[in-house]
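Structure record follows, encoded as structure tokens.
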Amino acid sequence: MENLSRKIREKARDIGAIVLAHNYQRPEVQDVADFVGDSLELSVKAMETDAKTIVFAGVDFMVEQAAVLNPSKTVLTPEPSSICPMAWQLDPPVVEEYRRRNPDAPLVVYVNSFVEVKSMADYVVTSSSASRLVSKLDAGKILFGPDRNLASYVAETTGKEVIAVPLNSYCPVHIGITPDKILSVKERMPDAKVLVHPECPPETRRLADFVGSTSQIIRAVGEIDAKRFIIGTENGVIHRISKLYSGKEAYPVSKDTICPNMKKITLEKVYRSLVSGETLVKIDEKLAEKARRVLERSFTLLGVETPWSRK
Ligand code: 13P
Ligand code: SF4
């Protein structure tokens, strides 16, 4: 494994590539990457880098977004079948229907969606920016999708009426983080703090000491004055927590809290991508242009620096 990691580093350097990895990636893939982060951090990193080639170890919508934001760079996915089932739960005709029925409500879409849906939206957010952006909007009623759980979290934290689009979309991994599982781990370690992702069901979030994106959870472990933490998101984040904070202990809610699509990417596939230049992510340029404008508007409202805002 060490040998392969070294070959990846050498090859990336030789061809001027950067390897980006999401916090849910396998430990060895996180370790070989130039940068590991949550969805927003990875988008920003993809925009900031001078590297001509980006190998993106993440699921389909993340890789697609990196390509949308970087039309002049080569964006490669090491495993095109690494999909996010939640992103597939929001189709353009459904968006049109909700738009038609709620003409005055702005449409805010979760980054876990595809370029065509993003191109139809008013704003795009991630789990770390959703409440912050929605609280800045004048409107009292918002359309939000996909993910009924993040939609309800945004409603709770902003006090606005948030309509989930569609009503029943959810992440198959986070829906399994149920209150009984949290309570059973908590029974064994009552002193432990509970940190969960907003994609968890509302009843689970109510048991939490902290709710945030994957990177916000990782940072919170460093900031909260406690030794033990129960981690209510995909177990990949525990690797980073263990590397960052040697004096702290992070426990999964269940050993099965795994996003199988994220785990499809291996060191072998990252290396193959660098060597073969596959698989190249191609986006319809008209749609990409429209989606870029929506992303640009969203980043501006959030105060995120982009190559456009620096112009
Ligand atoms: P983050 O933006 O918090 O990393 O979330 C991505 C994701 O897919 C959560 O399931
Ligand atoms: Fe999609 Fe859920 Fe996997 Fe995140 S954990 S990538 S939302 S399926």
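Numbering starts at 1 and runs along the sequence shown. As the structure lists them, so they are numbered: ligands from 1, and atoms in each ligand from 1.
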Original post:
Just wondering, do Tyr110 and Glu199 contact through their side chains at under 4.5 Å, heavy atoms?
Top reply: yes
Original post:
ligand 1 versus Asn112, non-hydrogen atoms closer than 4.0 Å: side chain, backbone, both, neither?
Top reply: side chain
**OP:** Enumerate the atoms of ligand 2 whose separation from the nearest heavy atom of Pro85 is less than 4.0 angstrom.
**Re:** 8 (S)
**OP:** Using a strict 4.0 Å cut-off to heavy atoms of Ser213, name the atoms of ligand 1 that fall inside it.
**Re:** 3 (O)
Original post:
Does any N/O atom on Asn23 come nearer than 3.5 Å to any N/O atom on ligand 1?
Top reply: no
Subject >> Any N/O pair Thr126/ligand 1 closer than 3.5 Å >> reply: no
Subject >> Metal check, atom 2 (Fe) of ligand 2 vs Cys171 N/O/S, cut-off below 2.8 Å >> reply: yes
Subject >> Side-chain ion pair, Lys243 and Asp31, N-O less than 4.0 Å >> reply: yes
Original post:
Looking at Asn112, which atoms of ligand 2 are within less than 4.0 Å of one of its heavy atoms?
Top reply: 7 (S)
**OP:** Using the six-membered ring wherever Trp is involved, compare the ring planes of Trp88 and Phe114 and label them parallel, tilted or perpendicular (cut-offs 30° and 60°).
**Re:** perpendicular
Original post:
Does the pair Lys7/Glu268 count as a salt bridge with the N-to-O cut at 4.0 Å?
Top reply: no
**OP:** State the atoms of ligand 1, each with its element, that fall below the 4.0 Å cut-off from a heavy-atom position in His174.
**Re:** 10 (O)
Original post:
Is the backbone N or O of Lys263 less than 3.5 Å from a side-chain atom of Arg26, with the two atoms forming a donor-acceptor pair by type?
Top reply: yes
Original post:
Under 4.0 Å between a Lys/Arg side-chain N and an Asp/Glu carboxylate O for Arg100 and Glu97?
Top reply: yes
Original post:
Would Cys84 count as a contact for atom 1 (Fe) of ligand 2, in the sense that one of its N, O or S atoms lies under 2.8 Å from it?
Top reply: yes
Original post:
Should you measure from each heavy atom of Ser39, which atoms of ligand 1 turn up under 4.0 Å away?
Top reply: 1 (P), 2 (O), 4 (O), 5 (O), 6 (C)
Original post:
When you check the gap from the basic side-chain N to the acidic O, do Lys264 and Glu79 get nearer than 4.0 Å?
Top reply: no
Original post:
Between Lys118 and Glu64, is the closest basic N to carboxylate O distance under 4.0 Å?
Top reply: no
Original post:
Which ligand 1 atoms, with their elements, are less than 4.0 angstrom from a heavy-atom of Tyr24?
Top reply: 7 (C), 9 (C), 10 (O)
**OP:** Using a 4.0 Å heavy-atom cut-off, say whether Glu234 meets ligand 2 through its side chain, its backbone, both or neither.
**Re:** neither
Subject >> Numbering as shown, the atoms of ligand 1 that approach Asp38 to under 4.0 Å (heavy-atom distance) >> reply: 1 (P), 2 (O), 4 (O)
**OP:** Show which atoms of ligand 2 fall inside a sub-4.0 Å distance from at least one heavy-atom site of Tyr24.
**Re:** 4 (Fe), 5 (S)
Original post:
Backbone, side chain, both or neither: what part of Met86 comes under 4.0 angstrom of ligand 1, heavy atoms only?
Top reply: neither
Subject >> Asp38 and Arg219 ion-paired at < 4.0 Å >> reply: no
Subject >> Expected output: side-chain Gln30 to main-chain Asn23 donor-acceptor under 3.5 Å >> reply: yes
**OP:** Please confirm whether Asn261 comes under 4.0 Å of ligand 2, counting heavy atoms of the residue only.
**Re:** no
Original post:
Which atoms of ligand 2 have any heavy atom of Cys259 under 4.0 Å away?
Top reply: 3 (Fe), 5 (S), 6 (S), 8 (S)
